[in-house]
There are 2 protein chains.
Amino acid sequence: MDSPAAARAPNRNQLSGMLRQSGIRPTRQRVALAGLLFARGNRHLSAENLHAEAMAKRVPVSLATVYNTLNQFRRAGLLREVVVDGPKTYFDTNTTEHHHFYVEDDQQVIDVPAGSITMAGLAEPPPGYEVARVEVVVRLRRAAR
Amino acid sequence: MDSPAAARAPNRNQLSGMLRQSGIRPTRQRVALAGLLFARGNRHLSAENLHAEAMAKRVPVSLATVYNTLNQFRRAGLLREVVVDGPKTYFDTNTTEHHHFYVEDDQQVIDVPAGSITMAGLAEPPPGYEVARVEVVVRLRRAAR
DNA sequence: ATTTGTGCAAATCGTTTGCATCTGA
DNA sequence: TCAGATGCAAACGATTTGCACAAAT
């Protein structure tokens, strides 16, 4: 059951190092949240999700701090914001270029395996602007059978 | 200064007819809002936007009614919801298959001309699901020059 | 010691809803 | 007439913020 090095759950020290390298002071709760986030590969979760998970694992952290931390991690490039609409914001631990399925019925975000979508002609941005990034959201519904 | 028939501003009667055909009772405020929405081609606006515009044109309508009306029009297929994230929901008067530029700096949504983006390989949905629709959002930033 | 983070509760923002009143067919 | 629409204000859910306290360098 072994996995690539990158996917192995990092320990406390590795997490601290990761945060320090991103210019983020490794506090108790930030390390704990990073632990939950990066324990296993690619996760998509909302602030609420993460907070619930922290509570379940008896990591005392307030919802406000979870929000602050997620946004901080995003600014540092450790997380990526997923563009689905709807009331909640999702964060993705996979920061590489890839896209998403979104199941509205159960508010679930799923990675589209890299390479299974290819943009043939990328649209030319209007003058004065440049492309920051491209997000593809494939909205799914439960098959009608 | 003429334009294709479809893009010519519809009059009150045409608007009423349009609503009736969609099974929506053409009330004073719905017709007025439809007038603002469909006066000229392709618009992207939020409830707030439309409400402000109505106020400016002395069309008395409450924000709640604007929300109700937009959602109604969307359900009827007269409008399409645009999937950008951020707090606001945008509605697009162009209901055909197309994609969007989104300028985060000024919260602006712009149509990507049809055909300038082509998906080469469409991702296979996970079993039990089918593709409802595909949304491409090209996020723009102001060119750094 | 100083700077930075944390928790709480209150504030904010977009959106929806309950309900009494009005209005279009 | 009378089902359905409107407006208002209150309710809501997600997110942010102000401030006193606590922890990290």
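Sequence lines set the chain letters: A, B, ... in the order given, protein chains first and strands last, and positions in each chain run from 1.
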Return no unless some side-chain N or O of [X] is found under 4.0 Å from OP1 or OP2 of [N].
{"X": "Thr89(A)", "N": "dT15(D)", "value": "yes"}
{"X": "Asn71(B)", "N": "dT16(C)", "value": "yes"}
{"X": "Thr65(A)", "N": "dG7(C)", "value": "yes"}
{"X": "Gln29(B)", "N": "dT23(C)", "value": "no"}
{"X": "Arg25(B)", "N": "dA25(C)", "value": "no"}
{"X": "Arg28(A)", "N": "dA24(D)", "value": "yes"}
{"X": "Thr27(B)", "N": "dT6(D)", "value": "yes"}
{"X": "Arg30(A)", "N": "dT4(C)", "value": "no"}

For this session: Hey, which sits more toward the 5' end of DNA chain D by its nearest nucleotide, Tyr67(A) or Val61(B)?
Result: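 Counting from the 5' end, the first nearest nucleotide belongs to Val61(B).
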Whole angstrom is fine here: how far is it from [atom1] in [X] over to [atom2] in [N]?
{"X": "Arg75(B)", "N": "dT16(C)", "atom1": "CZ", "atom2": "C1'", "value": "12 Å"}
{"X": "Leu63(A)", "N": "dT17(D)", "atom1": "CG", "atom2": "C1'", "value": "13 Å"}
{"X": "Leu45(B)", "N": "dG14(C)", "atom1": "CG", "atom2": "P", "value": "15 Å"}
{"X": "Arg20(A)", "N": "dA24(D)", "atom1": "CZ", "atom2": "C1'", "value": "10 Å"}

Problem set entry | By side chain to side chain donor-acceptor pair (under 3.5 Å) - contacts of Arg74(B) (at least two apart) |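 Only Asn71(B), Glu81(B) meet the side chain to side chain donor-acceptor pair (under 3.5 Å) criterion with Arg74(B).
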Exercise. Does the pair Glu104(B)/Arg141(B) count as a salt bridge with the N-to-O cut at 4.0 Å?
Worked result: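 A salt bridge is absent here (no side-chain N lies under 4.0 Å from a carboxylate O).
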Problem set entry | Ala64(A), nearest nucleotide to its side chain (from dC8(D), dT17(D), dG7(C)) |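 That would be dT17(D).
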